[in-house]
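First up is the structure itself, then whatever we jot down about it.
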Amino acid sequence: MSSAPSAVPLPGPSDEPVGEVVVDWYAGAARDLPWRESGTDPWAVLVSEVMLQQTPVARVEPVWREWLARWPTPAAMAAASPAEVIRAWGKLGYPRRALRLREAAVAITARHAGVVPAEVDELEALPGIGTYTARAVSCFGHGRRQAVVDTNVRRVVARLVHGRAEAAPARAADLLDITALAPVDDERAVRFSVAVMELGALVCVAGTPRCAACPVRDRCAWRLAGYPAHDGPPKRVQRFAGTDRQVRGRLLDVLRAAHEPVDPDALVPAWEDAVQRSRCLDSLLVDGLVVQTEDGRFALPS
DNA sequence: GACGCGTGGTG
DNA sequence: TCACCAAGCGT
């Protein structure tokens, strides 16, 4: 250890732990999202988190407001029919989420007396609630200190800590990586969990990162290494046109609009190819997104 | 662990 | 224009 004055770390922003810097940045840079308002109850947070799984914020916001106004508690949603929630889900995409969210509401009502649990393992036991969402609800909904790792967080850690351009696939060590950066204070740790996600969503983005706006750029391992390119295999982009996903979407579109069961013929315009149309209809039946009436017509499950 | 699952905005 | 992208989950 040197005794020279220059060896003594100077107090100042650049000496703050990374986690504290990110939390301070969040205070001035965070988006004003309704589910982040203080007093948002855990159920409302849970609904927002499920809707935000793979769906952008801008499309979630209006639907989230409608849902919370209509079904302000798990018990309220548990009393709704699948058809109602599928219609209310609208075009958020991946409508199985709507079904699972309703099933989660049923389970919360039955097993937890209508109270959204705060424990991660109890949350993970609910339909449609995985590693990310369980921790997000515990942290953002109940104010528990939790490591919360989504695709944004993995990307931030990959760059900031590991000096890599892109995140590796999710792994258990992700939780340890981010835990090591979290502030000591519990309230700030909760803030930190949402702040890292926000940093990844607004600054450390997947496309062209906005490093000039980054509060921790002076200690980013990726930047300090000269922005080395991603060396792993390129990730495959999912096609959409012509896939079963598109066909399922078209079929469900017809059934959402219809308020009584429709004849099979009414589904032909949705997709001309009979083989693929039939296959997709079957998969929708298997998923419980569609039911067939005794007279052979199709409808949303009431 | 790779794959399937919707939709619409964007550079 | 069109590939890419957006707070994952279940199998």
Side-chain angles (χ1 to χ4, degrees), chain A residues 26 30-31 33-36 40 44-64 86 89-101 103-104 123-141 146-156 166-172 174 178 193-202 204-210 230 232-256 270-271 276 279-280 282-284 286-290:
Chain A
Y26 180 81
R31 289 168 293 179
L33 302 177
W35 44 84
R36 287 180 180 163
T40 304
V45 170
L46 194 164
V47 173
S48 78
E49 292 298 341
V50 171
M51 288 182 170
L52 287 164
Q53 293 169 1
Q54 305 284 279
T55 300
V57 165
R59 273 194 286 154
V60 164
E61 195 168 330
V63 181
W64 179 82
I86 292 168
W89 192 257
K91 308 209 74 168
L92 288 182
Y94 295 139
R96 293 187 296 192
R97 289 182 291 165
L99 234 38
R100 292 183 181 133
L101 186 48
E103 289 164 8
L123 287 161
E124 282 183 338
L126 299 171
I129 308 298
T131 304
Y132 162 78
T133 306
R135 292 174 167 277
V137 170
S138 178
C139 188
F140 310 143
Q146 299 287 358
V148 180
V149 178
D150 73 336
T151 185
N152 288 310
V153 174
R154 284 202 307 279
R155 187 173 55 252
V156 169
E166 292 180 23
R171 57 199 171 83
D174 292 335
I178 201 65
S193 287
V194 68
V196 179
M197 290 175 58
E198 193 75 341
L199 187 64
L202 299 182
C204 196
V205 295
T208 307
R210 302 208 275 268
H230 176 62
K235 49 185 172 184
R236 281 196 297 253
V237 179
Q238 283 195 45
R239 294 277 176 271
F240 180 63
T243 62
D244 285 4
R245 267 192 354 277
Q246 182 182 25
V247 178
R248 285 165 54 103
R250 294 262 195 97
L251 293 172
L252 216 51
D253 231 6
V254 173
L255 296 176
R256 266 195 303 261
W271 199 258
Q276 190 174 16
R279 179 174 71 237
C280 291
D282 279 345
S283 74
L284 288 169
V286 168
D287 286 347
L289 285 164
V290 173

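Residue numbers start from 1 in every chain, and the chains themselves are labelled A, B, ... in the order their sequence lines are given, proteins ahead of strands.
Within the nucleic acid shown, A:D244 comes within 4.0 Å of sugar-phosphate atoms alone, with no base atom in reach, counting heavy atoms only. If you check every strand for non-hydrogen atoms under 4.0 Å, A:T151 touches sugar and phosphate atoms only. If you check every strand for non-hydrogen atoms under 4.0 Å, A:R279 touches nothing. Using a 4.0 Å heavy-atom cutoff across all strands shown, A:R171 reaches no nucleic acid atom at all. Base engagement by A:L33 is indicated by at least one non-hydrogen atom pair under 4.0 Å involving a base atom. A:A206 comes within 4.0 angstrom of the backbone, heavy atoms only, and of no base. Looking at heavy-atom distances under 4.0 Å, A:W89 makes no contact with the nucleic acid at all.
Taking for each of A:R100 and A:R31 the nucleotide of DNA chain C with the nearest heavy atom, the 5'-most of the two is the partner of A:R31. Between A:G249 and A:P169, the residue whose closest nucleotide on DNA chain B is further toward the 5' end is A:P169.
The stretch residues 127-135 of chain A comes close to DNA chain C through A:P127, A:G128, A:I129, A:G130, A:T131, A:Y132, A:T133, each having a heavy atom under 4.0 Å from the strand.
Contact annotation: A:Q53 side-chain N/O to C:dA7 OP1/OP2 distance is not under 4.0 Å. When the side-chain nitrogen and oxygen atoms of A:R248 are compared with OP1 and OP2 of B:dG6, one or more of them lie within a distance under 4.0 Å. Between A:R256 and B:dT7 there is a side-chain polar atom (N or O) within less than 4.0 angstrom of OP1 or OP2.
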Worked check of side chain to side chain donor-acceptor pair (under 3.5 Å) between A:Q53 and A:Y132: CA-CA 10 Å; A:Q53 293 169 1; A:Y132 162 78; over 6 Å; no
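Nucleotides C:dT11 and B:dG6, compared at atom P, are 14 Å apart to the nearest Å. Nucleotides B:dG11 and C:dA7, compared at atom P, are 15 Å apart to the nearest Å.
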